[in-house]
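Remarks on the structure that follows.
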2 protein chains.
Amino acid sequence: MGLGLRERKKLRTRATIRAQALRLFAEKGYGETTVEQIAEAADISPSTFFRYFPSKEQLVLVDDYDPIMIRAFQEQPADVPVLTALRRSMERVFGEMSPEQLDREMARQKLIRSVPELRAAQLDELQRTIELLAEGVAARMGRPPGDLESRAFAGAVVGSIMGALGDDLLSLDRIGLALDFLAAGFPFDDREVG
Amino acid sequence: MGLGLRERKKLRTRATIRAQALRLFAEKGYGETTVEQIAEAADISPSTFFRYFPSKEQLVLVDDYDPIMIRAFQEQPADVPVLTALRRSMERVFGEMSPEQLDREMARQKLIRSVPELRAAQLDELQRTIELLAEGVAARMGRPPGDLESRAFAGAVVGSIMGALGDDLLSLDRIGLALDFLAAGFPFDDREVG
DNA sequence: TCTCAAGTGAGAGTAACTCCTACATTCGAG
DNA sequence: CTCGAATGTAGGAGTTACTCTCACTTGAGA
């Protein structure tokens, strides 16, 4: 393996900072934990903290599974319908996570939800997801990239998941039901929607 | 009219602060304008600034038209289909705005889009919109409030608008097209979407 | 082992807030 | 009209996230 001592040390420091930070957040709360305290717990100087993370916010928001999810989605064969591809990649990524990883991820989501400052910062991520999905949709549907209807559809997918989840975090069942309903064209017992 | 001198003064101060702030933001940029400078331009002390607005962010984000839009939507008769009700309330609110108001609102949107910190803070607003719409949907469709499918649909509506808008801000045409596409059940030229 | 690049610590500085206190202004009751 | 109570404001001190700079150390490679 090509990682020298220097690189390994950096990785370890980064992991330590994050672990200590999340521990402190859980113990005393996000707002009540200062960067100085995190630095002390991780045995580094405050200035070093900011060399590893651009902000206290980002330390929480950096999502290890997001790039994995993206890759899983892009690896789905092109002849699989979009929603199926999406479902399969979610199932695969969550399926491959260990129980501890799942716990940690849940706790992280809960933290994000409970701190307005963190919650707010997720819009950008959402927008990126829509863009990405829109490309996948356009490619599968024979539309040019950037196509308005593909984007509207991608937005609808992400939006319906968001709406369905509401307060519950990360329920694959609810996501599944929402996607079923969307794929069926929102069948509201014969009542017009338009 | 029941407003005493005190109340009128407060309203005027608030308006002055916001006007001066937006002017400075336009001239020098959001990040380059300090609260102290805004306070000076509005002829108040920095501490007074924070009595009028909880943060520099919120000064920009407070949306005068949001409550108007909400009211317009809720005033639509119950027998009008949801998407039509939504369209009509948007048309009405935008139609009643003066050209200057429209200009100012556009500029505000542009500012929000261009500053990551501001852009991020809109997620909460989005979520509120979804909740509200979901109630309207449930009521019209004879579903109980909080119904999963109503929420999924409401999310899809908001999401598709978001996806369709992309970089362009506030194009009623694009919104209209996205809603048409959604109402028709995403007709992608006979290709399966599920 | 020597040298250079990369990483770290420490300190000073800025800006958004928060909290407190003393002073000014408006309001309502008599 | 006047006085006391409520309400609002200015000013200052303090906290915290973050930035920049500079001197020092440590690991990488010849």
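So you know, we letter chains A, B, ... as the sequences are listed, proteins then strands, and number each from 1. It should be emphasised that the depicted structure is a prediction, and the values quoted were computed from it without experimental measurement. These numbers come from the heavy atoms of this one structure, side chains and all, not from hydrogens, waters or symmetry mates.
Atom NZ in A:K56 sits roughly 12 Å away from atom C1' in D:dC18 (whole-Å rounding).
Note that the OH atom of B:Y52 and the CZ atom of B:R18 stand 13.0 Å from one another [nearest 0.5 Å]. Rounded to the nearest 0.5 Å, atoms CZ (B:R140) and CG (B:D79) are 8.5 Å apart. Interatomic distance, CZ of A:F50 versus NZ of A:K56, reported as 9.0 Å (0.5 Å rounding). Here the straight-line distance linking atom CG of B:D63 with atom CD of B:Q122 works out to 8.5 Å at 0.5 Å rounding.
Residues B:L11 and B:E7 form no side-chain contact, since every pair of their non-hydrogen atoms from C-beta on lies 4.5 Å or further apart.
Nucleotides of DNA chain C with any atom under 4.0 Å from a heavy atom of chain A span, from 5' to 3', C:dA5 to C:dA10.
Remark: the A:Q20 side chain and the A:R23 side chain contain an N/O donor-acceptor pair separated by less than 3.5 Å.
Checking side-chain atoms of B:Q37 against main-chain N and O of B:T34 turns up a donor-acceptor pair under 3.5 Å. Distance alone, capped at 3.5 Å, is enough to place a donor-acceptor pair between the B:T129 side chain and the B:E125 backbone.
Using a 4.0 Å heavy-atom criterion, one finds that A:Y52 contacts the sugar-phosphate atoms exclusively. Contact annotation for A:P46: no contact, since no heavy-atom pair falls under 4.0 Å across all strands.
Taking a 6.0 Å sphere around CG of B:D43, one finds it holds 12 or fewer heavy atoms contributed by other residues, nucleotides or ligands.
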What string of B, S and - do you get for nucleotides 21-30 of chain D, 5' to 3', when a contact is any protein heavy atom under 4.0 Å?
-----BBS--
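Of all the heavy atoms in A:P144 and A:A138, the pair that sits closest is O-CB, 3.7 Å.
Near-neighbour residues of DNA chain D inside residues 21-41 of chain B, defined by a heavy atom below 4.0 Å, are absent.
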